[in-house]
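Here is the structure we will look at, set down as structure tokens.
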There are 2 protein chains.
Amino acid sequence: MATQTAAQRREEARLAYNAYLAGCPSRKLLDTLSDKWVSLVLAALADGPCRYSELARTVAGVSQKMLTQTLRTMERDGLVSRTITPSVPVRVDYRLTSLGEDLVPLMQAIKSWAEIHMDEVEAARQAYDSSAASGDA
Amino acid sequence: MATQTAAQRREEARLAYNAYLAGCPSRKLLDTLSDKWVSLVLAALADGPCRYSELARTVAGVSQKMLTQTLRTMERDGLVSRTITPSVPVRVDYRLTSLGEDLVPLMQAIKSWAEIHMDEVEAARQAYDSSAASGDA
DNA sequence: CAGGATCCCAGATGATACTG
DNA sequence: CAGTATCATCTGGGATCCTG
């Protein structure tokens, strides 16, 4: 036990950490919920069902890849349902499941919090930045 | 206006999107809140003030880089305060500000939601995976 | 003990082209 | 229209070394 110490211990800690996370179910969900696009898609669908192309426009800026990937994840987690209408130009609608709708107020709560405290955060940032810039003497 | 179309339009959309995000204050905060480590540090500090090294142990698995980076971000946003005690081996304590404490219940709410609905999500995932694996025939 | 500076890898994400 | 496959990229995050 001489050739390795800090590195190995760190490695162990990380494995233990991962195991901890793996064992914590809520953590896995939190992972999904904190995804950049999930919240946006959730917000977009909160207004009602939407077609793929509509979502692409509403969440403007997302690539097909990310949109599809996000939708698939959400579908897998039971947050949204996918309805295929085999018309000539295929039509696919996405809508929130009851589980997904259940989540909307949660996200809005965070958004509200953010809006309410935004000025405080802004102030904190400016104070931090200016003191850092001037060497805070 | 012939050599470029889809690509350029996409670019425009992205710029517009970024502008939108920049203009949406809550979004910027959401960015911070959804950070992988922020929630963990927040939880770690919820129990009370903590030294740098303690945090490193509590959030086991995080590297100094990420821990420092996370703490700096949170400090800048006014979520945590940093107290330096110029003793011989420098001592630095971090604690949640009132703003940060205000955020704790929010995060716990999400965690609760996740725990409550975890089984539903698990079920959805299994259903999704098995139907996908069997070709969903 | 705290943390800044660097180097580096891997996964996340974007752009494009192609298909049903 | 919806979605997949691939290639290129870009940033997050980890390991290390160094300083106050």
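Every chain is numbered from 1 and lettered A, B, ... according to where its sequence line falls, protein lines coming before strand lines.
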Any N/O pairs under 3.5 Å between the protein and nucleotides 1-4 of chain D? List them or say none.
unit_1 : atom_1 : unit_2 : atom_2 : d
D:dC1  : O3'    : A:R51  : NH2    : 3.1
D:dA2  : OP1    : A:R51  : NE     : 3.0
D:dA2  : OP1    : A:R51  : NH2    : 3.3
D:dA2  : OP2    : A:S53  : N      : 2.7
D:dA2  : OP2    : A:S53  : OG     : 2.7
D:dG3  : OP1    : A:R82  : NE     : 2.8
D:dG3  : OP1    : A:R82  : NH2    : 3.0
D:dG3  : OP1    : A:Y94  : OH     : 2.9
D:dG3  : OP2    : A:Y94  : OH     : 3.1

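The rotation axes computed at either terminus of the helix from C:dC1-D:dG20 to C:dG20-D:dC1 lie 40° apart, taking five pairs at each end and rounding to 10 degrees.
Interatomic distance, B:T70 OG1 to B:Y94 OH, rounded to the nearest 0.5 Å: 10.5 Å. To the nearest 0.5 Å, the span separating OG1 on B:T97 from CG on B:L99 amounts to 4.5 Å. Atom NZ of A:K111 and atom CG of A:L106 lie 14.5 Å apart (nearest 0.5 Å). Between B:E122 atom CD and B:H117 atom NE2 the span is 14.0 Å, to the nearest 0.5 Å. With values rounded to the nearest 0.5 angstrom, A:R76 atom CZ is found 9.5 Å from B:Q126 atom CD.
When every heavy atom of A:V59 is checked against every heavy atom of A:A44, the shortest pair comes out as CG2-CB, 4.1 Å. Considering all non-hydrogen atoms of both residues, B:C50 and B:L45 come closest at CB-CD2, 3.5 Å. Nearest heavy atom pair, residue B:L40 against residue B:K36, reads CG-O, 3.9 Å.
Rounded to whole Å, atom P of C:dA5 lies 14 Å from atom CE of B:M66. Between the NZ atom of A:K36 and the C1' atom of D:dG12 there is a distance of 13 Å, given to the nearest Å. Distance, B:L67 CG to C:dG3 C1': 10 Å, rounded to whole Å. Distance CH2 (B:W37) to P (D:dG13): 8 Å, rounded to an integer number of Å.
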